[in-house]
Amino acid sequence: MKTRVRFAPSPTGRLHVGNVRTALFNWLLARKTGGTFILRIEDTDADRSEAEYEKELIEDLKWLGLDWDEGLEKGGEFGPYRQTDRFDLYRKEAGRLLENGDAYYCFCSQERLDAERKEQQEKGLPVMYAGHCRDLSQDETKTRIEKGEKPTLRLKIREGAISFTDLVFGSVTVDLTEIGDFVLLRSDGTSQYNFACVVDDALMEVTHVIRGEGHLTNTFRQVLLYEYLGLPLPRFAHLSTILGPDGSKLSKRHGATSVGEFRERGYLPDALINYLSLLGWTPPESAGEVLSVKEIIDSFDLGRVNRSPATFDIAKLNFINRSHLKKLTPEVLADKVIPFLAAEGIMPAVIDGRVREWVSQVVEILGKYADTLGDFPGLVQDLLQFEPEESLADPEVQQIINEPESRVVIRAFEKNLLEDPSPVVDFEVYKGAVVKIMKEQGIKGKSLFRPLRVALTAKASGPELEKIIDVVEQAAELELPAPAISVRARVSAVAARLER
RNA sequence: GGCCCUAUCGUCUAGAGGCCUAGGACGCCGGCCUCUCACGCCGGUAACACGGGUUCAAAUCCCGUUGGGGCUACCA
């Protein structure tokens, strides 16, 4: 039988990484087995669901590359795929339950239910609906409805126990005395989650229900529903919760939690997928941990998913992201970095070919310093920035400048550059000037390059000098929002400050 | 409160009774490379929550304790 899986989010907020992992594991199973991945929206909670979130959710999924074969936007023969469009279906199935005597109308008021629950809690009793309306006569039910009362429909829980085998948690069992008669249809006629979920999964012929661990105990209710409805039971696989650094469920106070935030911070979709796939799942040892999406699909196996909750570790995500960043060509990387530079006002909004080429070079030099695309603006800023007044006050820089030899190097460097007729200081010019110092002054190694670095950048550390010389000079020729300073101007500025 | 689930280095994890003196990855620390920072390479630090069983043998099986998560809604 062909695998059919689904991701069924509620549009009640931005897409959380925990949910992404759920979507991912579903998607991986579908892609691994050549099955179908369905996107369904569970929006039966009218108060919290918003169209805006649904839109964003779709965008996030697309950005991640988790494409679906059936459902929202795609359509399919099992639609509609939004639960608010499926109420007739739920009512129809509820009707069957009612006819079979497995469900009943409940007229208990919200107040009564609340009071009862409170009392049960205070007395330390199991908290569940006591079943007051369970044995109401058909006549009474009928007249009360005719009088205009709006009942809920509840499931009549049978005696005995219910158990099922979860693909990751194994066999689980519960005694049905632990479960109260729960609501199927609300008094306004809409469906409650567990019921809608079962009807949808069954009607959509879902073969594997892969979802968060929070639903593990809901599954008992759902299995019972499948039984009452006489529908074939799908396989279940529950995924452990993702925790924050303090061991509680990952939430906003732990920092970024939504896909949108990670995208905005400059994480690559493939890296996010790679990292999330590693939470609770282990690739075969030989594969290593930095994997392409294709590699993950190829080695994915639900049987290797573990049960214990995992803590979200930003340091490891950074490592994975960095690793993915390093695999990109400079050109591809540049195109991804440019929007981040533009957002910080470092690059103009409209980029021409020369600037793009320049960014490619820069990104190649600075790439090893970046964890995320969002790190680049700061790095490029550092490269472009030249503020001798402030930077020369740095103790490390001071120490270099105070060396008599350093002063000789900087002055000679300035002189050599000024004597060179080339309008632009490119790498060849730079090299010529440096070689001359070595020959004439006999200075080399540390004593040579440290002052050269200070002369060029007014800093004590940074990327390799021979790599930055060209891009620094070129930056001065580019029309950047904040004009960059040319090599000669830099060296002269530093040399001038030597006198004081 | 009741029920369900869970527990290996700081973190993600390997581990399906002897292969475990517990392996890998991230982080951290150290070394090498090097004008510097970083990258890279090499090395190191560090864990079976606790207490009882079962067994010739337990990280692995059972029971309990403790910690964590979830459900117990006319939320999903």
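Note that the structure is a prediction, hence the values are computed from the model and not measured. Chain letters run A, B, ... following the sequence lines, proteins first, then strands; residues in each count from 1.
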Query raised in the report: Applying the side chain to side chain contact (heavy atoms under 4.5 Å, CB included) test to W281(A), which of I296(A), L276(A), N306(A) qualifies?
Result: I296(A)
Query raised in the report: A49(B) pairs with which nucleotide, Watson-Crick or G-U wobble, both distances below 3.5 Å?
Result: U65(B)
Query raised in the report: Using a cut-off of 4.0 Å on non-hydrogen atoms, how would the nucleic acid contact of H215(A) be classed: base, sugar-phosphate, or nothing?
Result: base
**Report entry** Closest to the V127(A) side chain, choosing from U72(B), C39(B), G27(B)
**Finding:** U72(B)
Report summary line: Taking G27(B), C74(B), U6(B) as options, the one with an atom nearest any side-chain atom of S187(A) is C74(B)
Requested in this report: With salt bridge (Lys or Arg N to Asp or Glu O under 4.0 Å) as the test, would you mind laying out the steps for D201(A) and R40(A) before giving the verdict?
Outcome: CA-CA 10 Å; D201(A) 287 337; R40(A) 176 172 88 214; 2.8 Å; yes
Query raised in the report: With a 3.5 Å cut-off and just heavy-atom distances, do the side chain of Q120(A) and the base of G1(B) make a donor-acceptor pair?
Result: no
Query raised in the report: What distance, rounded to whole Å, do you find between the two P atoms, one in C26(B) and one in C39(B)?
Result: 12 Å
**Report entry** Interatomic distance where CD belongs to E289(A) and P belongs to A14(B) [whole Å]
**Finding:** 11 Å
**Report entry** K368(A)/E464(A) ion pair, N-O < 4.0 Å
**Finding:** yes
Query raised in the report: Mind checking whether F37(A) and F7(A) have parallel, tilted or perpendicular rings, split at 30° and 60°?
Result: parallel
Query raised in the report: Expressed as a whole number of Å, how far does the P atom of A38(B) sit from that of G30(B)?
Result: 11 Å
Query raised in the report: Expressed in whole Å, how much space separates the P atoms belonging to G27(B) and U11(B)?
Result: 16 Å
**Report entry** Paired nucleotide for U36(B) [Watson-Crick or G-U wobble; both distances under 3.5 Å]
**Finding:** none
Query raised in the report: Is there a side-chain polar atom (N or O) of T241(A) under 4.0 Å from OP1 or OP2 of G69(B)?
Result: no
Requested in this report: Please tell me which of the listed nucleotides, A14(B), A25(B), A76(B), lies nearest to the side chain of K316(A)?
Outcome: A25(B)
Report task. Check if the side chain of Y369(A) and the base of C39(B) share a donor-acceptor pair of N or O atoms closer than 3.5 Å. Result -> no
**Report entry** G44(B): pairing nucleotide in any strand, Watson-Crick or G-U under 3.5 angstrom
**Finding:** C28(B)
Report task. Report the nucleotide, chosen from C37(B), U11(B), U36(B), that has the shortest atom-to-atom distance to any side-chain atom of D313(A). Result -> U11(B)
**Report entry** side-chain N/O R453(A) vs U34(B) OP1/OP2, d < 4.0 Å
**Finding:** no
Query - Distance between C1' atoms of C75(B) and G70(B) (Å, rounded) - result: 14 Å
Report summary line: pair_partner(C71(B)), Watson-Crick or wobble, both distances < 3.5 Å, evaluates to G2(B)
Query raised in the report: Looking at the side chain of E466(A), which of C35(B), C3(B), C71(B) is the nearest nucleotide?
Result: C35(B)
Query raised in the report: Hey, are E403(A) and R450(A) close enough for a salt bridge, meaning a charged N less than 4.0 Å from a carboxylate O?
Result: no
Requested in this report: For the pair F87(A) and Y90(A), name the ring-plane relationship: parallel under 30°, tilted 30 to 60°, perpendicular over 60°.
Outcome: perpendicular
Query raised in the report: Base, sugar-phosphate, or nothing: which does K326(A) touch, judged by heavy atoms less than 4.0 Å apart?
Result: sugar-phosphate
Query raised in the report: Choosing from A76(B), U13(B), G69(B), which nucleotide comes nearest the side chain of N306(A)?
Result: U13(B)
Report task. Using the C1' atoms only, state how far A46(B) lies from C9(B), rounded to an integer number of Å. Result -> 5 Å
Requested in this report: Check whether any side-chain N or O of T44(A) sits under 4.0 Å from OP1 or OP2 of A76(B), and answer yes or no.
Outcome: yes
Requested in this report: Go through the N and O atoms of the side chain of N218(A) and the base of A76(B), and report whether any donor-acceptor pair is under 3.5 Å.
Outcome: yes
Query - Counterpart base for U55(B), defined by Watson-Crick or G-U wobble contacts under 3.5 Å - result: none
Query raised in the report: With respect to the side chain of E42(A), which nucleotide from C74(B), A7(B), A76(B) is positioned closest?
Result: A76(B)
Query raised in the report: What's the closest nucleotide to the L465(A) side chain, out of C35(B), A76(B), A73(B)?
Result: C35(B)
Query raised in the report: Are R48(A) and D45(A) close enough for a salt bridge, meaning some N to O gap below 4.0 Å?
Result: yes
**Report entry** Residue-phosphate contact under 4.0 Å: K249(A) side-chain N/O, G68(B) OP1/OP2
**Finding:** no
Query raised in the report: So does D371(A) pair up with R322(A), basic N to acidic O under 4.0 Å?
Result: yes
Query - P spacing across the pair A57(B) / G52(B), given as an integer number of angstrom - result: 16 Å
**Report entry** C1' atoms of G69(B) and A59(B), separation to the nearest Å
**Finding:** 22 Å
Query raised in the report: Between A76(B) and R186(A), is there an OP1 or OP2 to side-chain N/O distance shorter than 4.0 Å?
Result: yes
Requested in this report: Quote, to the nearest angstrom, the P distance that separates U8(B) from C50(B).
Outcome: 11 Å
Query raised in the report: Hey, is the side chain of T282(A) poking within less than 4.0 Å of OP1 or OP2 on A14(B), counting only N and O atoms?
Result: yes
Report task. Give the rounded distance in Å between these two atoms: CD of E213(A) and P of U72(B). Result -> 14 Å
Query raised in the report: Does R307(A) have a side-chain nitrogen or oxygen under 4.0 Å from the phosphate oxygens OP1 or OP2 of A16(B)?
Result: no
